[in-house]
Amino acid sequence: MEERRESITGVVERIVENSPLLKECLASGVANYSSMARMIKPVVDDELGFDASVESIKVALVRLSRKMSPLDVSSVEKILGETSIEVKTRVTVITYDPGSTRDVLRVVSGVQGARFLSVVTGITNVTVMVGDEQARLFTEGVGSRPLFYQGGLTAIVLVSPVENVYTPGLIAYITSLLAQTGINIIQITSSYSETVIVVSPEDTMKAFNVLNDAVSRARKKSGLRV
């Protein structure tokens, strides 16, 4: 019996560790343990291979919460309080396989007067974010077909102090806010002083309001002008 209890505890800890929302609820002491236990029970059962009781999962959650400290978001809020938001509409996201990187960069070098242009090269792909009006330059100038192509999107650009590079949890905090309101992030990049979040046009106003409210709250707490 003790062996099962330890197994349940381990599985519950992994589930919570992999979910920022659950982790924050437990750490801040606002969790309804019974409701949370019922919610994660199907995942717990699937990983354990047997039917765990809600009560045993609840006990594991209570024990875990006692070991957790409230999350310190003061540094994140400080950055948000000094962040400005810009919205770029009519943006196209194009993703190619890595073999097309040279062609993509060649096209980028010839682009002039772009109102929005961002290129992210990774291990398995290279992604271009560009204004709809210049997307054709890439579809015609790059030899291979894109892995992903979608136009008419919105890029929400958060311009923050450079300290954002050294602030743990900033991106997680932002994405959690959007996830809680059901907003899907199509593309996200973070660099020296900018975080670019691409969403569908249907989610534009909701995403902007969520982020703008977070910035406004942060400014009020730090005494800055809203």
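Just so you know, residue 1 is the first one in the sequence shown, and it goes up from there.
The shortest side-chain heavy-atom distance between Tyr192 and Val162 falls under the 4.5 Å cut-off. Under the 4.5 Å side-chain criterion, counting only non-hydrogen atoms from C-beta, Val157 is not in contact with Thr195. Counting only heavy atoms from C-beta outward, the side chains of Val104 and Val128 approach each other to under 4.5 Å. Residues Cys25 and Met36 form a side-chain contact, since some pair of their non-hydrogen atoms from C-beta on lies under 4.5 Å apart.
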Passes side chain to side chain donor-acceptor pair (under 3.5 Å), Thr89 versus Thr154? Steps please. CA-CA 4 Å; Thr89 58; Thr154 300; over 6 Å; no

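Remark: the backbone N or O of Glu163 is paired with a side-chain donor or acceptor of Thr167 at under 3.5 angstrom. Without hydrogens or angle criteria, Ser19 side chain to Val16 main chain gives no donor-acceptor distance under 3.5 Å. Distance alone, capped at 3.5 Å, places no donor-acceptor pair between the Ser100 side chain and the Tyr96 backbone. For Asn209 (side chain) and Met205 (main-chain N/O), a donor-acceptor pair under 3.5 Å exists by modelled atom type.
A side-chain donor-acceptor contact under 3.5 Å links Thr127 and Thr95.
A salt bridge links Glu13 with Lys67: the closest approach of a Lys/Arg side-chain nitrogen to an acidic carboxylate oxygen falls below 4.0 angstrom. A salt bridge links Glu47 with Arg14; the closest basic N to acidic carboxylate O contact falls under 4.0 Å. A salt bridge links Arg115 with Glu133; the closest basic N to acidic carboxylate O contact falls under 4.0 Å. Using a 4.0 Å cut-off between charged nitrogen and carboxylate oxygen, Asp45 and Lys41 count as a salt-bridge pair.
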If you look only at distance, which donor and acceptor atoms sit under 3.5 Å apart when one is on a side chain in residues 52-59 and the other is two or more places apart or in another chain?
| from | atom 1 | to | atom 2 | distance (Å) |
| --- | --- | --- | --- | --- |
| Ser53 | OG | Ser56 | N | 3.1 |
| Ser53 | OG | Ser56 | OG | 3.0 |
| Ser56 | OG | Ser53 | N | 3.4 |
| Ser56 | OG | Ser53 | O | 2.7 |
| Lys58 | NZ | Ser34 | OG | 3.4 |

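For the pair Ala27 and Met68, the tightest heavy-atom approach, listed with the atom from each and the gap, is CB-CE, 4.0 Å.
For Arg106, the CZ atom counts as densely surrounded, since its 6.0 Å shell holds more than 12 non-hydrogen atoms of other residues, nucleotides or ligands.
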